[in-house]
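See below for the structure under consideration.
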Protein chains: 2
Amino acid sequence: MNKIEILIIDDEPAIRKLLQIALESNDYKVTQAATGKEGEILAANHPPELILLDIGLPDINGHELLREFRKWYNKSIIILSVENSEEDIVSALDNGATDYLTKPFRTAELLARIRSAIRRNQTEESTAIITCGNLQIDLVARTVKVNDQPVKLTVTEYNLLCLLAKNEGKVLTHHYVLKEIWGRGFQTETQYLRVFIAQLRKKIETNPNKPEHILTESGVGYRFY
Amino acid sequence: MNKIEILIIDDEPAIRKLLQIALESNDYKVTQAATGKEGEILAANHPPELILLDIGLPDINGHELLREFRKWYNKSIIILSVENSEEDIVSALDNGATDYLTKPFRTAELLARIRSAIRRNQTEESTAIITCGNLQIDLVARTVKVNDQPVKLTVTEYNLLCLLAKNEGKVLTHHYVLKEIWGRGFQTETQYLRVFIAQLRKKIETNPNKPEHILTESGVGYRFY
DNA sequence: GTATTCATAAATATTTTATAAATAAATTTG
DNA sequence: CAAATTTATTTATAAAATATTTATGAATAC
């Protein structure tokens with residue numbers, strides 16, 4: 001059978017054990033990491049359907065790690081924490097956490113929240129390759145081709161292009177793009193966006209002065225075709 | 001301009017008031033219902049982007065109501081509850097609740113969970129298209145087509161057209177339009193409006209001298225068909 | 001018929017955008 | 001670790017797009 005995979009990132013062996021037993025007896029396949037670094041490596045090698053992330057890891061700030069994950073991992077991440085501060089919860093959710101649970105948690109509740117999170121995952125369709133005229137984006141391989149020629153993009157350029165391409169035809173406002181790519185607090189840095197759009201156009205447009213893919217909607221934002 | 005709508009279903013007036021203040025100050029549009037029945041009717045007539053549902057309503061069992069909603073309503077439902085029993089939470093999440101919060105809740109946390117839930121909603125396809133004769137306005141993509149040909153509008157032109165189109169058949173006074181598009185303090189700048197109406201007509205009317213969509217009501221304002 | 005309101009073109013002012021280039025920060029390489 | 005390289009951020013400025021103002025003749029109300 002194809003069991004659903006869950007990655008646990010927690011430094012306490014007792015909790016990992018507890019979670020492992022609970023999850024495996026509910027027919028999930030469990031992978032474990034004791035540190036943030038280890039967790040990132042495991043997830044990158046073999047992305048799980050869901051990550052249970054302890055926010056209080058010794059080697060790396062949990063919120064940092066969450067933001068790192070969200071640069072490329074778009075499935076569910078449930079945060080586990082001994083903290084119960086409003087600020088902590090708000091920050092986690094705004095940084096893209098799917099859910100937030102306070103330790104000690106109740107197993108049945110955790111399982112229900114996991115089911116809910118996975119259910120949501122599976123309604124989202126995931127297309128591996130976006131094609132648009134002479135442009136191809138392979139979301140799995142993270143490569144971009146123009147006229148079948150590979151183009152090298154930086155992380156930010158790639159994320160920006162993906163965001164645009166995933167919303168083909170829609171105007172994306174400056175605010176929205178800045179929030180999605182740079183995060184909260186950068187929503188007024190419109191100039192960042194301009195610089196990167198110019199950069200992207202140089203790389204993917206046949207004639208950057210007459211862009212065919214990334215169109216400007218003056219006063220609003222950008223639109224991708 | 002286009003505020004996100006949230007429906008509160010709760011029998012306690014104090015909580016409704018609290019929520020209303022918190023939500024409205026965060027730029028959501030709020031609708032309220034004191035009973036389950038009332039909530040169902042309101043939601044059916046005008047589906048909100050998110051429902052905040054108190055599970056302990058006097059007239060109907062909250063879990064029942066949730067199941068009812070889930071038969072047709074596929075956006076986010078966040079459960080509010082004084083209960084904190086595992087069983088209750090598990091049941092709600094398994095019945096399709098997006099999230100579960102225990103009263104008393106912290107406002108910032110609720111707001112963060114609302115943002116998170118709505119963010120998820122909006123990744124799903126939602127089409128809102130106003131059609132009017134040969135004219136089409138796609139409110140999500142922010143595009144306007146005349147005879148299936150895309151027409152480029154500036155921000156102000158687009159906002160103006162939307163305002164008119166959303167009030168098809170009604171006379172909108174100069175004052176009202178100026179207040180909505182330019183804001184308070186511009187209500188006497190009738191000339192602005194004339195310039196932009198002429199501009200719009202050039203772009204969307206087949207024959208701008210004999211407008212079919214934007215009609216003048218001399219001395220009063222404009223009417224859209 | 002006169003006063004008021006309206007449509008429109010055109011001139012001017014303002015805002016927004018594109019882009020190069022400089023600096024800072026992060027990452028890679030030896 | 002330090003130099004080299006890449007990438008991100010900041011600054012500056014010219015160009016483009018848009019908004020506002022002005023002017024004038026046409027339409028409408030009374």
Side-chain angles (χ1 to χ4, degrees), chain A residues 37 40 44 60 64 67-68 71-72 142 144 151-161 163-164 171-175 177-178 180-183 185-224, chain B residues 142 144 151-161 164 171-175 177-178 180-183 185-224:
Chain A
K37 266 273 166 291
E40 271 190 300
I60 186 170
E64 274 303 319
R67 278 183 54 93
E68 277 305 312
K71 286 182 183 166
W72 61 274
R142 281 181 89 82
V144 175
V151 171
K152 196 172 178 284
L153 298 185
T154 71
V155 181
T156 311
E157 286 163 6
Y158 177 82
N159 290 341
L160 179 55
L161 179 61
L163 182 64
L164 289 165
V171 174
L172 302 185
T173 64
H174 301 132
H175 262 238
V177 175
L178 285 162
E180 291 297 312
I181 304 296
W182 278 270
F186 287 80
Q187 299 171 1
T188 53
E189 301 287 348
T190 318
Q191 186 56 18
Y192 285 19
L193 194 47
R194 298 219 177 91
V195 172
F196 276 84
I197 289 286
Q199 211 66 14
L200 259 184
R201 281 178 175 156
K202 265 205 288 197
K203 291 186 178 181
I204 67 163
E205 297 283 2
T206 312
N207 179 359
N209 299 65
K210 283 200 139 229
E212 288 170 346
H213 289 301
I214 304 178
L215 307 185
T216 302
E217 295 285 334
S218 194
V220 191
Y222 295 91
R223 183 199 303 275
F224 180 90
Chain B
R142 225 187 150 86
V144 175
V151 170
K152 198 175 179 298
L153 299 183
T154 71
V155 186
T156 312
E157 287 162 6
Y158 177 83
N159 291 341
L160 179 56
L161 179 61
L164 290 165
V171 178
L172 302 184
T173 64
H174 300 134
H175 263 237
V177 176
L178 285 162
E180 290 297 310
I181 305 296
W182 279 269
F186 287 78
Q187 298 170 2
T188 54
E189 301 286 349
T190 318
Q191 185 54 19
Y192 285 17
L193 195 47
R194 297 218 177 91
V195 172
F196 276 86
I197 289 286
Q199 211 66 13
L200 258 184
R201 281 177 174 155
K202 263 205 291 197
K203 290 187 179 182
I204 68 164
E205 297 283 3
T206 312
N207 180 358
N209 299 66
K210 283 202 140 226
E212 288 169 347
H213 289 300
I214 304 178
L215 307 185
T216 303
E217 296 285 335
S218 196
V220 189
Y222 295 92
R223 183 199 301 272
F224 181 89

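Lettering follows sequence order; numbering is per chain, from 1. None of the values given here were measured: they were computed from a predicted structure.
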Is any side-chain N or O of A:T154 closer than 4.0 Å to OP1 or OP2 of D:dA8? yes

With a 4.0 Å limit, can you tell me whether B:W182 has a side-chain N or O closer than that to the phosphate oxygens OP1/OP2 of D:dT20? yes

Criterion salt bridge (charged side-chain N to carboxylate O under 4.0 Å, His left out) on B:E157 and B:K203, from CA distance to verdict: CA-CA 10 Å; B:E157 287 162 6; B:K203 290 187 179 182; 2.8 Å; yes

Using a heavy-atom cut-off of under 4.0 Å over every strand shown, decide if A:Q191 touches base, sugar-phosphate, or nothing. base

Short side-chain N/O contact from A:K152 to OP1 or OP2 of D:dT7, under 4.0 Å: yes

Can you say whether the rings of B:Y192 and B:F186 are parallel (under 30°), tilted (30 to 60°) or perpendicular (over 60°)? tilted

Determine whether a donor-acceptor pair (one donor, one acceptor, N or O, separation below 3.5 Å) exists between the side chain of B:E217 and the base of C:dT5. no

Has A:H174 got a side-chain N or O lying under 4.0 Å from the OP1 or OP2 atom of C:dT16? no

Is any side-chain N or O of B:K202 closer than 4.0 Å to OP1 or OP2 of C:dA7? no

Heavy-atom side-chain contact between B:R194 and B:Y222 under 4.5 Å: yes

Could you tell me the separation between the CD atom of A:E157 and the P atom of D:dT7, rounded to a whole number of Å? 8 Å

Given D:dT6, C:dT19, C:dA18, identify the nucleotide with an atom nearest to the side chain of A:R201. C:dA18

Between C1' of C:dT19 and NZ of A:K203, the distance in whole Å: 15 Å

Please tell me if the side chains of A:I214 and A:I204 come closer than 4.5 Å, counting only heavy atoms from C-beta onward. yes

Separation of atom OH in B:Y158 from atom P in D:dT18, rounded to whole Å: 15 Å

Over how many whole Å does the gap from A:Q199 atom CD to D:dT9 atom P extend? 12 Å

Measure from CG on B:L178 to P on C:dC6 and round the result to the nearest Å. 12 Å

Side chain of B:T156 only, heavy atoms from C-beta on: which candidate in C:dT16, D:dT10, D:dA19 is closest? D:dA19

Output yes when at least one side-chain N/O atom of A:T216 is less than 4.0 Å from OP1 or OP2 of C:dA18, else no. yes

Compare side-chain N and O positions of A:R194 against OP1 and OP2 of C:dT16 and report whether any pair is under 4.0 Å apart. no

Where the side chain of B:Y192 is concerned, which of D:dT21, D:dT10, C:dT19 is the nearest nucleotide? D:dT21

Any B:N159 side-chain heavy atom under 4.5 Å of B:L153 side chain: no

Donor-acceptor pair (no angle test) under 3.5 Å: B:E189 side chain, D:dT21 base: no

Has B:Y222 got a side-chain N or O lying under 4.0 Å from the OP1 or OP2 atom of C:dA7? yes

With sugar-phosphate meaning primed atoms plus P, OP1 and OP2, does B:F186 contact a base, only sugar-phosphate, or nothing at under 4.0 Å between heavy atoms? nothing

